[in-house]
Amino acid sequence: NDFPLESLPVNGAMEGISEALALAVHASGATGEPQENACLLMVVQPGERNAFDQHWLETTLWEQHGVRTIRRTLAQIAAEAETNSDGELRIGGENGTLVTAVYFRAGYTPDDYPSATEWEGRLLLEKSAAVKCPNVAYHLAGTKKVQQDIAQPGRLERFLSA
């Protein structure tokens, strides 16, 4: 072997993201229910093909932090989720699973919103008290259209001091 595995640098990205998401799940204010019953909602695309790292994250969250993950598309969220007057987000109705953090792996392109149903799902999430990763401002900043717009000459300069 010309390249020993021991010479590769350590990459702690999975441990870092799983710890941050677990902290978000447990820190979010759930009313009347122990935080250990809360879970992470991973928003995914229909027919997701890039799921291997997502499943690795799910496994790491469970094995290292005891955090359960639920995977749903925006359309499924619109159909299955609801919030109460305190902003508590639940999947499966009033007595369903409490969601205290949402991790977006979808919703970055116009293709993720083919109908009003997906927008309804997104709005429900945004109105909830669950922690969002990323939040809507960062999510918008990461979209190709916003990046295209701010790449135009003179757009960023107005935010920079001379």
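Counting from 1, the numbers follow the sequence of the chain as shown.
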Please name all residues satisfying side chain to side chain donor-acceptor pair (under 3.5 Å) with [X], sequence neighbours left out, ordered by chain then number.
{"X": "Gln64", "answer": "none"}
{"X": "Glu126", "answer": "Arg122"}
{"X": "Gln148", "answer": "Lys145"}
{"X": "Thr73", "answer": "Gln76"}

Output yes when Asp112 and Arg105 qualify as a salt bridge under the 4.0 Å nitrogen-oxygen rule, no when they do not.
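Result for this pair is no, no salt bridge flagged.
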For residues 84-137, which residue pairs pass the ring-ring contact (aromatic ring centres under 6.0 Å, His included) check, not counting sequence neighbours?
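Qualifying pairs: Phe104-His139, Tyr108-His139, Tyr113-Trp119.
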Does anything in residues 53-102 pair up under ring-ring contact (aromatic ring centres under 6.0 Å, His included), and if so which pairs, sequence neighbours excluded?
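Of all non-adjacent pairs touching residues 53-102, none passes ring-ring contact (aromatic ring centres under 6.0 Å, His included).
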Residues in side-chain contact (heavy atoms from CB on, under 4.5 Å) contact with Leu140, at least two apart in sequence or another chain
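Expected list: Val136.
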Set of residues satisfying side-chain contact (heavy atoms from CB on, under 4.5 Å) with respect to Glu120, sequence neighbours excluded:
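For Glu120 the side-chain contact (heavy atoms from CB on, under 4.5 Å) partners, ignoring immediate neighbours, are Ala78, Ala116.
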Share the residues that join Phe52 in a hydrophobic cluster, the rule being Ile, Leu, Val, Met, Phe, Trp or Tyr side chains under 4.5 Å apart at the heavy-atom level.
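None, because no other hydrophobic side chain comes under 4.5 Å of this residue.
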Among all residues two or more places apart in sequence or in another chain, which pass the salt bridge (Lys or Arg N to Asp or Glu O under 4.0 Å) test with Arg49?
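In terms of salt bridge (Lys or Arg N to Asp or Glu O under 4.0 Å), with neighbours along the sequence ignored, Arg49 is linked to no residue.
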Restricting to pairs with a member in residues 70-85, which pass salt bridge (Lys or Arg N to Asp or Glu O under 4.0 Å), not counting sequence neighbours?
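Residue pairs passing salt bridge (Lys or Arg N to Asp or Glu O under 4.0 Å), neighbours aside: Glu58-Arg71, Arg72-Glu80.
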Hydrogens and angles aside, do Thr83 and Arg90 bring a side-chain donor and acceptor to less than 3.5 Å of each other?
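Absent: no donor and acceptor within the cut-off.
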Counting only pairs under 3.5 Å, give me each side-chain donor-acceptor contact of residues 13-23, with atom names and distances, residues two or more places apart or in other chains.
from	atom 1	to	atom 2	distance (Å)
Ser18	OG	Met14	O	2.9
Ser18	OG	Glu15	O	3.1

